[in-house]
Amino acid sequence: MSNPMRATELLRLLPLAAVLLGGCAVGPAYVKPTTPEPAAFKEAQGWSPAAPADALDRGPWWTLFNDAVLNELAGQIDVSNQNVAAAVASYAQARSLVQQQRASLFPSVSLSTSGERSGTRNAGADNNYRLNIGTSWEPDLWGRLRASVGAASASAQASAADLASARLSAQGELAANYFVVRQTDAQAALLATTIEGYQRVLQITRNRFDAGIATKSDVLQAQTQLSNARIDALSLARQRAQFEHAIAVLLGKAPADFTLASAPWQAFVPEIPVGVPSALLQRRPDIAAAERRVAAANEQIGIARSAYYPNIGLTASVGNGGSRVSDLFSASNALWSFGLSAAQSLFNAGATRASVAGAEASQQAAVARYRQTVLDAFGDVENQLSATRVLAQQLVLRRQASESADQVEAQILNRYKAGQVSYSEVVQAQASALSARRALVQAQGDRQSTAISLIQALGGGWQAQ
């Protein structure tokens with residue numbers, strides 16, 4: 001062992017030793033938890049919507065609503081939304097942690113130099129220079145380091161799923177707020193038309209009062225109804241401003257820097273294909289994140305169990321020393337060393353056992369959260385399917401009710417002009433007609449918001465059959 005080149009060869013063999021020694025693992029093999037998977041959705045029976053022409057998989061699902069302004073706004077979410085930006089940064093941080101954990105599987109190499117001058121008053125001073133290359137390595141005999149890498153990788157995958165969830169949430173909230181604004185515009189246009197009608201009726205009532213046909217109370221009732229309609233219009237303006245501000249914040253802008261101009265409302269609701277429930281488990285990002293956290297918790301059990309076994313460390317170094325700087329490059333002054341260390345805890349009052357038990361309990365909690373996430377996902381889809389079916393039926397009835405109320409309003413107004421009915425009947429008919437019209441607009445808006453919620457419940461996209 002006097003030849004310094006043999007020490008250099010030892011350094012070269014360390015990576016090979018890493019492969020040979022790191023073959024044991026004390027952690028449990030990961031098995032994906034079982035979850036309830038019904039054969040079909042309960043609320044989807046008898047409902048066969050058409051599949052879209054193109055295949056979407058967490059892609060631009062909002063384009064199905066055929067609204068160019070919405071397409072433009074939703075495309076800005078990834079760039080401007082701060083919640084998404086935070087999720088992107090968290091994912092990058094998780095990936096960096098994986099790289100750090102992987103680096104621990106390999107030896108670390110360091111270079112050190114030193115210079116020292118020492119001596120006594122009588123003997124004089126001596127110089128001592130050293131140049132050293134050293135390496136240290138902890139062979140992963142019990143799989144602790146590999147389990148750390150596995151846990152970090154699973155956590156990074158969960159972070160990627162969290163990023164997808166953040167995008168889907170921001171996109172869904174933007175689309176929902178956008179259609180509320182458009183619905184509010186439609187309600188405002190409806191009220192504007194109604195106010196014009198109320199103004200004409202008020203003038204008719206005043207003319208009748210001036211002619212001695214109508215009473216003063218009729219005029220007051222007409223004025224009250226007109227004022228209430230104008231109050232409703234102002235309330236809609238306030239509501240629209242709030243949702244416009246919410247859209248600005250979602251886009252990462254100050255509300256003062258964003259304006260959404262009024263535009264005709266396209267109350268279009270796309271047909272959304274619903275696959276088998278098992279496909280939901282592969283599609284929803286929150287389910288993927290919960291499952292990956294189960295895998296990470298499973299790796300933590302192996303990390304905790306590795307504490308039962310000794311830590312093995314290997315060190316080696318090669319260097320030169322001398323009294324002059326030129327001696328550092330002389331082979332005759334070469335120095336080398338090789339070391340082996342082992343450490344094992346003999347007594348820690350059950351701390352290792354408690355750590356293992358805690359890791360196992362954490363894994364069981366992660367499994368429970370994963371299963372609950374799956375159940376919640378199934379519940380979300382069933383709720384939205386039920387709402388979709390009911391709202392479609394209600395829309396037909398709302399339209400019929402609005403048409404009937406319009407006819408009653410027109411007939412009562414004609415009879416009032418002919419002096420056949422009192423003005424109170426006119427007021428009642430007009431109020432009923434306005435309520436029916438606004439309920440129809442609300443039903444159309446509810447169908448759009450439910451479609452958005454269903455798309456989110458399905459994971460933000462689908463594969464066309």
Do other residues, nucleotides or ligands put more than 12 heavy atoms under 6.0 Å from [X] [atom1]?
| X | atom1 | result |
| --- | --- | --- |
| Phe258 | CZ | yes |
| Gln242 | CD | yes |
| Arg240 | CZ | yes |
| Arg371 | CZ | yes |

Smallest separation among heavy atoms of Ala261 and Arg182, with atom names: O-NH1, 3.0 Å

Considering all heavy atoms, the nearest Pro277-Pro38 contact: CG-O, 3.3 Å

Got a donor-acceptor contact below 3.5 angstrom from the [X] side chain to the [Y] backbone?
| X | Y | result |
| --- | --- | --- |
| Glu244 | Leu260 | yes |
| Asn81 | Leu250 | yes |
| Ser402 | Arg398 | no |
| Arg399 | Leu440 | no |
| Ser453 | Ser449 | yes |
| Ser362 | Gly358 | no |
| Ser386 | Asn383 | no |

Starting at [atom1] of [X], measure out to [atom2] of [Y] and round the result to the nearest 0.5 Å.
| X | Y | atom1 | atom2 | value |
| --- | --- | --- | --- | --- |
| Ser345 | Tyr309 | OG | OH | 14.5 Å |
| Ile287 | Leu281 | CD1 | CG | 5.0 Å |
| Leu168 | Gln456 | CG | CD | 5.0 Å |
| Phe378 | Thr35 | CZ | OG1 | 6.0 Å |
| Arg293 | Ser155 | CZ | OG | 7.5 Å |

Do [X] and [Y] have side chains that get closer than 4.5 Å, going by heavy atoms?
| X | Y | result |
| --- | --- | --- |
| Ile452 | Gln171 | no |
| Val180 | Gln239 | yes |
| Pro28 | Arg305 | yes |
| Arg146 | Val149 | no |

Test log, rule side-chain contact (heavy atoms from CB on, under 4.5 Å), inputs Asn298 and Val31: CA-CA 9 Å; Asn298 191 78; Val31 178; over 6 Å; no

Inspect the contact between [Y] and [X] and indicate whether a charged nitrogen and a carboxylate oxygen are less than 4.0 angstrom apart.
| X | Y | value |
| --- | --- | --- |
| Lys32 | Glu291 | no |
| Arg369 | Asp286 | no |
| Glu138 | Arg144 | yes |

Residues [X] and [Y]: side-chain donor-acceptor under 3.5 angstrom:
| X | Y | value |
| --- | --- | --- |
| Gln384 | Asp380 | no |
| Thr315 | Ser136 | no |
| Thr352 | Asn348 | yes |

Within the 6.0 Å centroid threshold, strictly below: Tyr178 and Phe243: no

Of Gln442, Gln448, Gln444, the residue whose pairing with Gln183 passes side chain to side chain donor-acceptor pair (under 3.5 Å): Gln442

